[in-house]
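The shown structure was predicted, so the numbers you read here are calculated from the model rather than taken from an experiment. Every number for a ligand or one of its atoms is a count from 1 in the order of the listing. The chain is numbered in sequence order, starting from 1.
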Amino acid sequence: MSASLTAHSQEKKQIRTSQGRQRSLPATLASLSFTDNDYLDLSRHPRVAEAAIGAIRKSGSGARAARHLGGPCPEHQSLEKSLADWKGTEAALVFASGYQTPLGIIPSLVGTKDTVLLERNAHACLFDGARLSQARLRLFARNDPNSLEEALTSNQKLNPEGRVLIVAESLHSMDGDWVELSRLIDLKNRFGAWLLLDEAHANGITGSQGAGWAAEQGLAGQVDVQMGTLGKALGSSGGFVAASASVIDHFLNEARTFLFSTAPAPAAMAAASEALRLVRSSEGDRLRERLGQNIRLFSTALPSFQSGPIQPRVLKSNAAVIQARDFLRARGIEIAAIRPPTVPEGSARLRLSLSARHSEEDIRKLIVALAELPSV
Ligand SMILES: Cc1ncc(COP(=O)(O)O)c(C=O)c1O
């Protein structure tokens with residue numbers, strides 16, 4: 001007979017605790033926080049909040065049903081139109097979260113006869129979407145020009161008839177580096193593969209009007225599916241894809257996390273629409289400039305760090321990361337202690353997330369505290 005569920009859970013907790021992997025939800029954060037992804041500080045912007053309140057008054061607190069059943073959703077439709085315009089695509093579709101987006105779209109594109117080529121350290125939702133599709137999963141090393149080519153070549157020999165979907169993040173969520181997109185696109189064109197680019201962390205912060213890394217590189221038109229979340233620089237919640245009208249119609253009919261989930265709340269959609277208006281305006285430019293100043297100040301003092309807002313400091317062991325987090329917390333600074341399974345074993349790290357919200361003084365305080373950190 002198996003142990004009771006409570007006993008099983010307690011045993012698992014003991015194992016996690018001994019490995020430095022036990023998590024709990026924080027009751028409070030230190031006053032100066034570098035843990036969130038609100039890169040442009042829009043989640044508390046008065047115009048964004050007002051838009052959300054207005055949508056609740058007009059359309060109610062919930063969407064009442066999945067999109068096919070719940071009647072017209074003006075906030076969703078209007079946001080989708082703006083997202084498509086921003087991304088330069090014919091259409092866009094919103095999902096209840098960024099996490100649910102690849103869980104719906106990847107299995108709608110590929111199946112048992114096909115292959116997903118995924119970056120080795122990609123976000124969990126991209127892995128989970130690929131696994132759910134039951135396609136062959138091959139991993140490649142990010143920004144290694146040979147690794148993807150080798151995977152494509154060997155896959156072509158093994159499975160010449162199957163479809164191939166390449167999946168990559170533009171700004172990596174944990175490493176903070178930018179993908180070499182032109183190389184990915186060359187290879188996808190050469191091998192006749194499709195490309196899904198997750199711009200979760202890049203949307204809003206780079207490219208003209210903050211339209212993301214593919215836009216910044218002038219390559220957006222060559223990405224088959226541009227994916228994003230509304231929960232980071234857009235300060236709201238939900239996920240989205242932007243693509244041709246036919247591809248979006250395909251997702252609308254085939255993506256199960258779209259079909260079988262209540263549509264996101266109208267307030268979240270209206271908030272994201274208003275945030276997107278700000279992102280595309282001169283205020284968006286001003287906020288990106290503020291964020292850029294913070295990144296420059298930070299990386300001038302600590303040049304080994306990345307050039308974007310996500311600044312990892314790999315300390316390897318879980319215990320060292322927890323110790324470092326507690327050291328900084330005691331100095332009034334909150335930093336995320338990232339451990340497996342979020343990152344691979346042996347690569348636990350501090351993840352600092354810079355925002356336009358931070359003042360110069362905040363960044364200087366962070367630099368001083370990091371310099372005092374015993375193991376950094
Ligand atoms: C690269 C990447 N993709 C997707 C997601 C999921 O987005 P959401 O938080 O909206 O579920 C995240 C969130 O952390 C992410 O980092």
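A distance of 12.0 Å separates CZ of Arg67 from OG of Ser261, quoted to the nearest 0.5 Å.
Because its NZ or CZ atom is both nearer than 6.0 Å to the ring centre of Phe327 and within 45° of the ring axis, Arg331 counts as a cation-pi partner of that residue.
Nearest non-hydrogen protein atom to atom 11 (O) of ligand 1 is Tyr99 N, 2.8 Å. Scanning all protein heavy atoms for the shortest distance to atom 9 (O) of ligand 1 gives Lys232 NZ, 3.8 Å. Given atom 5 (C) of ligand 1, the protein heavy atom at minimum distance is His123 CE1, 3.7 Å.
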Inset, instruction - Evaluate side-chain contact (heavy atoms from CB on, under 4.5 Å) for Leu276 paired with Leu83, printing each intermediate quantity in order. - result: CA-CA 8 Å; Leu276 182 52; Leu83 288 167; 3.8 Å; yes

Legend entry - Stepwise side chain to side chain donor-acceptor pair (under 3.5 Å) test for Tyr39 and His201: CA-CA 9 Å; Tyr39 301 117; His201 292 272; 2.7 Å; yes

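Residue contact check: Gly238 has heavy atoms under 4.0 Å from atoms 10 (O) of ligand 1. When each atom of ligand 1 is checked for a heavy atom of Cys125 under 4.0 Å away, the hits are 3 (N), 4 (C). The distance from ligand 1 to the heavy atoms of His201 drops below 4.0 Å at these ligand atoms: 1 (C), 15 (C), 16 (O). Residue Thr229 approaches ligand 1 through these ligand atoms, each under 4.0 Å from one of its heavy atoms: 7 (O), 8 (P), 10 (O). Near Asp198, the atoms of ligand 1 lying under 4.0 angstrom from a non-hydrogen atom of the residue are 1 (C), 2 (C), 3 (N), 4 (C).
Summarising the contacts of atom 7 (O) of ligand 1 with Gly98, Ala96, Ser97, the nearest heavy atom is found in Gly98.
Between His68 and Phe258, the angle of the ring planes goes over 60°, which puts this pair in the perpendicular group of the 30/60° scheme.
Between the side chains of Ser33 and Thr35, at least one donor N or O sits under 3.5 Å from an acceptor N or O.
Within the 4.0 Å heavy-atom cutoff, Gln100 does not count among the residues contacting ligand 1.
In this structure, Ile105 is not a member of the same hydrophobic cluster as Leu195, with clusters built from ILVMFWY side-chain heavy atoms closer than 4.5 Å.
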